Amino acid sequence: MVNIDEKSVLDSVAKTLFIGGKWRSASNGAVFKVEDPSTRLTIAEVADATAKDASDALDACVSVQNSWANTPPRVRGEILRRAFELIVARSDELALLMTLEMGKPVAESKGEVAYAAEFFRWFSEEAVRINGDYYTAPDGNARVMTLRQPVGPSLLITPWNFPLAMGTRKIGPALAAGCTVIVKPAEQTPLCMAALMSILEEAGLPPGVVNMITSSDPGAVTAPLIGDSRLRKLSFTGSTEVGKLLMSQASGGLLRLSMELGGNAPLLVFADSDLDKAVNGAVFAKMRNMGEACTSANRIFVESSIVEEFSQRLATAMSDLKVGRGTQDGVQVGPLIDQPAIDKVTSLIDDATSKGARVVTGGSKLDMSGYFYSPTVLVGVESTWRIAQEEIFGPIAPIYSFSSEDEAIAMANNTNYGLVAYLFTENLNRALRVTEKLETGMIGLNQGLVSNAAAPFGGVKQSGFGREGGFEGINEYLYIKYIAINHKS
Ligand code: NAD
């Protein structure tokens, strides 16, 4: 556990907007409050941007777009590499800051800081590999030449659940590609993004290449930007509902889009699985980030012959988890983000129990000052209920039973979402067969974690489109220019 004074960490972060390389207040002087979800106390007051501030940020992007695009890839990469090193060097302070504004235990925050840093390291290496092509067309005369060029000024909107990594996963590839950006972090967690701006500044990023606006009324600052013809790209991570709204706004300017949206991940446990691995994987896939992850295992499908044993073992593991303020030693589960999150989880549990589901462990809000909810296992749940169809975003593990492989696949695919699925089996043929039939962008095979900066993260169906990380991630910020050449003319 880190031992750094909380106040000094909070004091060290700017609470203002970052526009054109300058830290400044909102043009009307307004601020909004940020609270610690484990105490409900205000920990900071942050500049509340106006539409004018947002427009200033786009002015800044536009003014340096060409010079940044023409900055040698090696130089762009080296700035990202320095930022990676600074994040690693400050990982204790950043982790504490993250825990204070978001609630996750410090050990998990440290994990996110390391994951976030990796995107800068990975894309510092990708910046120098933006290649094109040159080849002969089938007629033998024409030559096809292609270049990949930056799409231009980009708006990056991020959620509160991974306050740093969801930012670096967009900023890294955008800067590597030669795009300038405006980042709009979630109103619950603006402080980590402000700390990241300082790091990029210190790493030598020229003024205006990265800008940050914070707002308590996100639509009021982003809608005018999305409607501005100088903006070329919108990358959004957040709920499917807001993603759809932003897509409709972006249709006016036909913006390039990346949409990383909600999930309703199935986790399949077959009788031929290694049960220790399956229970550990389920706890991890369910409880990472207190269940507040797009990748969280929302629906646990267990083969009927082992459902009793699995449920008991999962309930024991879940009830052993220590819940508390994320800054305390040994805490494994922090608070939920806010009161609406508690209300949502409570209403899903009430709905399921009123229809006959049984609570094996947990099932209630905890009598503590913050937004704490007990790790919960539910059995006897049915696929048509709200808890099966909506994103839970909390520490609830509903268990369903299946009796055949086909039934398990059909139940897993019975959702509008398609981000990730987890599969536990020791049978290689089954693993390959089921993997191919699951309608998701990612699969965790015998493991409860898929996140990796070197891998393409993203979904299908209403979990969105586009990929972040991996070799694919930089393509979201590049377009292909084809040059037609007739060799014989
Ligand atoms: P949210 O959609 O409420 O907010 C996400 C971001 O959009 C925030 O910055 C918010 O301020 C902004 N926003 C909200 N309303 C807006 C509007 N009208 N116009 C412009 N911006 C607006 O989501 P959230 O509660 O912050 O995050 C949780 C959601 O994010 C979950 O659905 C989760 O699954 C999803 N998520 C997806 C991924 C992924 O990679 N697929 C990763 C993390 C989180």
Side-chain angles (χ1 to χ4, degrees), residues 32 34 37 46 48-49 51 54 101-102 104 112 115-116 119 155-170 182-190 192-193 212-227 231 234-250 255 257-265 288-298 336-341 344 390-394 415-420 440-442 450-453 455-470 473 476:
F32 65 94
V34 178
V46 171
D48 202 353
E101 69 173 347
M102 190 274 167
K104 69 181 82 180
E112 181 181 338
Y115 175 51
F119 286 104
L155 173 61
L156 316 178
I157 303 179
T158 59
W160 51 265
N161 63 341
F162 291 96
L164 203 59
M166 297 303 95
T168 57
R169 202 164 80 167
K170 297 183 190 305
I182 302 170
V183 191
K184 212 261 349 126
E187 51 277 29
Q188 297 91 336
T189 57
C192 282
M193 200 63 82
M212 181 190 71
I213 49 172
T214 47
S215 168
S216 63
D217 184 3
V221 291
T222 59
L225 285 178
I226 294 169
L231 190 77
L234 167 63
S235 177
F236 173 72
T237 298
S239 61
T240 297
E241 187 192 0
V242 173
K244 287 179 182 176
L245 171 75
L246 296 178
M247 265 188 85
S248 67
Q249 292 175 358
L255 292 184
L257 292 175
S258 305
M259 289 280 156
E260 297 284 352
L261 308 178
N264 191 9
R288 177 171 177 235
N289 233 37
M290 292 79 76
E292 295 175 313
C294 51
T295 50
S296 183
N298 257 10
L336 298 188
I337 189 71
D338 52 21
Q339 189 59 41
K344 164 120 194 245
E390 295 179 24
E391 198 175 22
I392 299 174
F393 243 59
T415 171
N416 286 331
Y417 294 101
L419 190 61
V420 62
T440 58
M442 302 177 285
V450 293
S451 303
N452 186 329
F457 188 106
V460 297
K461 295 161 78 176
Q462 292 191 24
S463 289
F465 48 80
R467 292 295 180 264
E468 293 192 323
E476 302 286 318

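Counting convention: from 1, in listed order, for ligands and their atoms alike. For this chain, numbers begin at 1 and follow the sequence in order. Everything numeric in this text was worked out from a predicted model, so none of it was measured.
- At a 3.5 angstrom cut-off on N or O pairs, Glu391 counts as close to ligand 1.
- The distance criterion of under 3.5 Å between nitrogen or oxygen atoms is met by Lys184 with respect to ligand 1.
- Atoms of ligand 1 found under 4.0 Å from any heavy atom of Phe393 (numbered from 1 in listed order, with element): 28 (C), 31 (C), 33 (C), 34 (O).
- To the nearest 0.5 Å, the span separating NZ on Lys184 from CG on Leu156 amounts to 11.5 Å.
- Remark: distances from the non-hydrogen atoms of Arg169 to ligand 1 include one below 4.0 Å.
- Between Ser463 and ligand 1, no N or O atom pair is found at a separation short of 3.5 Å.
- Residue contact check for ligand 1: Gly458 places no non-hydrogen atom closer than 4.0 Å to it.
- For atom 2 (O) of ligand 1, the closest non-hydrogen atom on the protein side is Ser239 OG, 2.6 Å.
- Remark: minimum distance from atom 21 (N) of ligand 1 to any protein heavy atom is reached at Pro218 CB, 3.6 Å.
- Using a 4.0 Å cut-off to heavy atoms of Pro185, the atoms of ligand 1 that qualify are 9 (O).
- If you check which protein heavy atom lies closest to atom 11 (O) of ligand 1, you get Glu187 OE1, 2.6 Å.
- Proximity of atom 36 (N) of ligand 1 to the protein is indicated by at least one non-hydrogen atom lying closer than 4.0 angstrom.
- Using a 3.5 Å distance cut-off with no hydrogens or angles, the side chains of Glu476 and Ser258 do pair a donor with an acceptor.
- The protein heavy-atom contact nearest to atom 8 (C) of ligand 1 is Thr158 O, 3.3 Å.
- The protein heavy atom nearest to atom 27 (O) of ligand 1 is Pro159 CB, 3.4 Å.
- Residues Arg169 and Tyr115 are in side-chain contact: their nearest non-hydrogen atoms beyond the backbone lie under 4.5 Å apart.
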